Amino acid sequence: MSVQLDWSNLGFGYIKTPYRYVAHFKDGKWSQGELTTDDKVVINECAGVLQYAQTAFEGLKAYTTEDGRIVTFRPDLNAERMEQSAARLEMPVFPKEQFLKAVDMVVAANSEYVPPYGSGATLYIRPYMFGSSPVIGVKPAQEYEFRMFCTPVGPYFKGGAKPIIIRVSDFDRAAPNGTGHIKAGLNYAMSLHAIVDAHAQGFDENMYLDAAMRTYVEETGGANFIFVTKDGKVVTPKSHSILPSITRRSLCYVAEHILGMTVEHRPVRFDEVKDFAECGLCGTAAVISPVGKIYDHGREIDLPSGMDEMGPVTKKLYDTLTGIQMGRLPAPEGWIRIIK
Ligand code: PLP
Ligand code: COI
């Protein structure tokens, strides 16, 4: 490896890497796609993405395993979720096989930037697509660009595995029949004011409740919730306006089929939260970040797992998932894609 970065002290930020992938949709079909060193995007001033936010993205990671291979984790599920996002935003679907090939190409071409095993850092891969041709009436663009770059990252929350403090947000993230279940850029634009305000008030993230009734727990700006009951069950919120997290689905499988735990995927009332033993935020960027406290308008919910370390069940889930990703533990069939 010739690239030397301070791998163990990376934050979750953008570092330019040499190669990215680009493909264009024109005249009803996608181009073959290729790697480029050009990190600039040139589009018309009236492009669909610039006027009406017609864009969706994905996020996945590449890992160096204990035995020195480079792998990705369930990229097929990112390809499928991007299909759902494209369909909901009236964008052409980017073919799954081409998506998987693009991931392989981008990671292999930037392999010097895949952080070493044991450094705590990983290579974050960001596929995204957007309407690139002009639209001025509100309608879908005719032409699209699909791109994928990668950047080495450290923990999403400062402090890594240290418990964080979140607050119940008065802002909503997603409407009941809106776009919360897809990875549309517009969902994140919606959350920017809420996250800046949360940070200004000393909180790490927002807990969003269901927008219609403010009764049920939905998710945070960038991760799903995973709760543990005092009798050791794993509970995750179910709602049509939550992003179907690949990490959460994988953790539920791990809990049930590898750790032999009971898993409930069901609507979770906010007034149940005070009775849980552990709470974590799960996602590609967040991995599992333990939550120590939840503020609700002056009232504080202190999770019994406390502010010093992850609760024992969260830790077991974290160790098993990262063990699978880093090749320390056997993976369920089809979860690991070897790049090299
Ligand atoms: N929820 C939101 C709003 C997200 O942005 C993400 C990140 O992708 C997740 C959940 C976690 O999803 P995944 O585990 O697929 O990364
Ligand atoms: C991810 O986990 O991949 C995300 O897209 C979340 C984002 C907030 C960084």
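Hydrogens, waters and symmetry mates are skipped; everything else that's a heavy atom, side chains included, is used. Each ligand, and each atom within it, is numbered from 1 in the order the structure gives. In this text, all values refer to a predicted model and were calculated from it rather than measured experimentally.
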Query raised in the report: Between F276 and F227, does the ring centre distance come in under 6.0 Å?
Result: yes
Query raised in the report: Looking only at atom types and distance, does a side-chain atom of D210 sit under 3.5 Å from a main-chain N or O of V217, one as donor and one as acceptor?
Result: no
**Report entry** W30/Y144 aromatic ring centres below 6.0 Å
**Finding:** no
Report task. Look only at the side chain of K274 and the backbone of D271, and say whether a donor-acceptor pair between them is shorter than 3.5 Å. Result -> yes
Query raised in the report: Is the backbone N or O of L243 less than 3.5 Å from a side-chain atom of N224, with the two atoms forming a donor-acceptor pair by type?
Result: yes
Query raised in the report: Is the closest side-chain donor-acceptor distance between K340 and S111 under 3.5 Å?
Result: yes
**Report entry** Every residue of the protein that comes under 4.0 Å of ligand 2, judged on heavy atoms
**Finding:** F12, F57, G59, Y124, R126, Y156, K183, G222, T284, A285
Report task. Would you check if the distance from the ring center of Y14 to the ring center of F149 is below 6.0 Å? Result -> yes
Could you list each nitrogen or oxygen of ligand 1 that sits under 3.5 Å from a protein nitrogen or oxygen, with the atom names and the distance?
| from | atom 1 | to | atom 2 | distance (Å) |
| --- | --- | --- | --- | --- |
| ligand 1 | 1 (N) | E219 | OE1 | 2.5 |
| ligand 1 | 5 (O) | K183 | NZ | 3.0 |
| ligand 1 | 5 (O) | Y188 | OH | 2.4 |
| ligand 1 | 8 (O) | K183 | NZ | 2.8 |
| ligand 1 | 12 (O) | S245 | OG | 3.4 |
| ligand 1 | 14 (O) | S245 | OG | 2.6 |
| ligand 1 | 14 (O) | I246 | N | 3.2 |
| ligand 1 | 14 (O) | T247 | N | 2.8 |
| ligand 1 | 14 (O) | T247 | OG1 | 2.6 |
| ligand 1 | 15 (O) | R81 | NH1 | 2.7 |
| ligand 1 | 15 (O) | R81 | NH2 | 3.1 |
| ligand 1 | 15 (O) | I246 | N | 2.8 |
| ligand 1 | 16 (O) | T284 | N | 2.9 |
| ligand 1 | 16 (O) | T284 | OG1 | 2.6 |

Query raised in the report: Looking at the rings of Y124 and F12, which for Trp means the six-membered one, are their centres under 6.0 Å apart?
Result: yes
Query raised in the report: Under 3.5 Å, is there a donor-acceptor pair between the side chain of T55 and the main chain of M129?
Result: yes
